[in-house]
Number of protein chains: 2
Amino acid sequence: MNIGQASKASGVSTKMIRYYDEIGLVRPASRTESNYREFDEREVNELRFIRRARSLGFSMPEITQLLSLWRDRERPSREVKAIAEKHVNELDARIAEMQTMADTLRHLSHCCAGDDRPDCPILADLTGGRSPVESKGADVRGR
Amino acid sequence: MNIGQASKASGVSTKMIRYYDEIGLVRPASRTESNYREFDEREVNELRFIRRARSLGFSMPEITQLLSLWRDRERPSREVKAIAEKHVNELDARIAEMQTMADTLRHLSHCCAGDDRPDCPILADLTGGRSPVESKGADVRGR
DNA sequence: GATAGGGCTTCCCACCATGGGAAGGTCAAG
DNA sequence: CTTGACCTTCCCATGGTGGGAAGCCCTATC
């Protein structure tokens, strides 16, 4: 199976397959005489694995770990769970951050007349955000 | 005021100030004889504006628009509000996406014993995610 | 057997916002 | 006049992803 077929079978673009190869995420697939990459079922399964893990928001380093656990039949599920839980915590943190942003903006938007007049609490907040109301969500800065 | 002072006064790093200058987000500040950038209160306020807008998750293009509205004393607040609401919608969409990821993972984690044994529903889901339980959140793929 | 087309290879570029660091000019205090 | 802190520009890296060029390879059709 060549890279195009592996791409169709796994749902991962050829670009990305080459990239994963380059960074050593998937075994450097064997090559034909004419230097074409050759894939078997196992590699296609790994590509599907990566695609699914990406869709759950795992980073490449995390996927590297997950893949090596996946390959190891003796792995303790504890380790997999730890990675997943850490990732959930990161997701929750980012969600909370964005939720704060959205809530702040919703509040400001709510207070904005949204007509032809130039007065705008949204711009006022961006200008300095000093008033007690807006400063509710003023500490999102650091990330 | 030179770039270091403007940085301290605005909370924006010198690197970023130069970048904003480069992409034309802030007026190409005037220069001294020895080619040092010169900042006045107005520019520092713009930098603070940008920092606050970034902290609310606005993209650079959005900030460009917001800045030009901010500079225009005749702006209709309608336009500002429209940008803010659009951004809130984008935030909500991304939050929902990540929420789905987190929920799926929480569920899988919950089902994982997390002990020395190798059986792991998390890896099982990544492998194919075919079982009815896991497939609950299996359609996050596309973004 | 030649030619066309599509697939494969590598290599470079771009995104977006940010930081690191080098090489060299400038300023102010001692 | 030296020192140290600051300024300048320029290049590089990040993380995943895509676009595209130049050139080789394979297959099918004539």
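Every chain is numbered from 1, with letters handed out A, B, ... down the list of sequences.
Summarising the geometry of A:Tyr20 relative to A:Met60, their closest heavy-atom pair is CE2-CE, 3.2 Å, with the distance given to 0.1 Å.
The hydrophobic clustering, which links ILVMFWY residues whose side-chain heavy atoms are closer than 4.5 Å, places B:Val44 and B:Tyr36 apart.
Salt bridge B:Glu90/B:Arg94: absent, no basic N to carboxylate O contact under 4.0 Å. Using a 4.0 Å cut-off between charged side-chain N and carboxylate O, A:Arg106 and B:Asp92 make a salt bridge.
Residue-level contact check: A:Thr14 touches neither bases nor backbone, having no heavy atom under 4.0 Å from any strand. Residue contacts for A:Arg37: at a heavy-atom cut-off of 4.0 Å it reaches the sugar-phosphate backbone alone, with no base atom in range. The residue B:Arg54 sits close only to the backbone: its heavy atoms come under 4.0 Å of sugar-phosphate atoms, none of a base.
The shortest distance between the side-chain N/O atoms of A:Asn2 and the OP1/OP2 oxygens of C:dC8 is below 4.0 Å. Here B:Tyr19 does not reach the OP1 or OP2 of D:dT9: none of its side-chain N or O atoms lies under 4.0 Å away. Applying the 4.0 Å criterion to OP1 and OP2 of D:dT8, one finds that B:Ser34 has every side-chain N and O outside that range. Residue B:Ser13 has a polar side-chain atom (N or O) positioned under 4.0 Å from OP1 or OP2 of C:dG19. Distances shown here put a side-chain N or O of A:Arg31 below 4.0 Å from the OP1 or OP2 atom of C:dT10.
Distance, B:Glu62 CD to C:dC16 P: 12 Å, rounded to whole Å. Residue B:Asn35 contributes atom CG, which lies 11 Å from atom P of D:dC10 at whole-angstrom precision. Going from atom CD1 of B:Ile50 over to atom P of C:dA17 covers 11 Å, rounded to whole Å. To the nearest angstrom, P of C:dT18 lies 11 Å from CG of B:Leu25. Across the protein-nucleic acid pair, B:Ile3 atom CD1 and C:dC27 atom C1' stand 16 Å apart, rounded to whole Å. Taking atom CZ of residue A:Arg51 and atom P of nucleotide D:dG16, one finds them 17 Å apart after rounding to whole Å. Atom CD in A:Gln5 sits about 13 Å away from atom C1' in D:dT27, given to the nearest Å. Atoms CZ (A:Arg18) and C1' (D:dA21) sit 13 Å apart, rounded to a whole Å.
In terms of position along DNA chain C, the nucleotide closest to A:Gly4 lies nearer the 5' end than the nucleotide closest to the other residue of the pair A:Gly4 and B:Tyr20. When the nearest nucleotides of DNA chain D are assigned to A:Met16 and A:Glu33 by heavy-atom distance, the more 5′-ward of the two goes with A:Met16.
Taking only distance into account, the side chain of B:Tyr36 meets the base of C:dG25 through a donor-acceptor pair shorter than 3.5 Å. The base of C:dG21 is paired with the side chain of B:Lys15 by a donor and an acceptor separated by under 3.5 Å.
Defined by atom type and a distance below 3.5 Å, a donor-acceptor pair is present between the side-chain atoms of B:Arg48 and B:Asn45.
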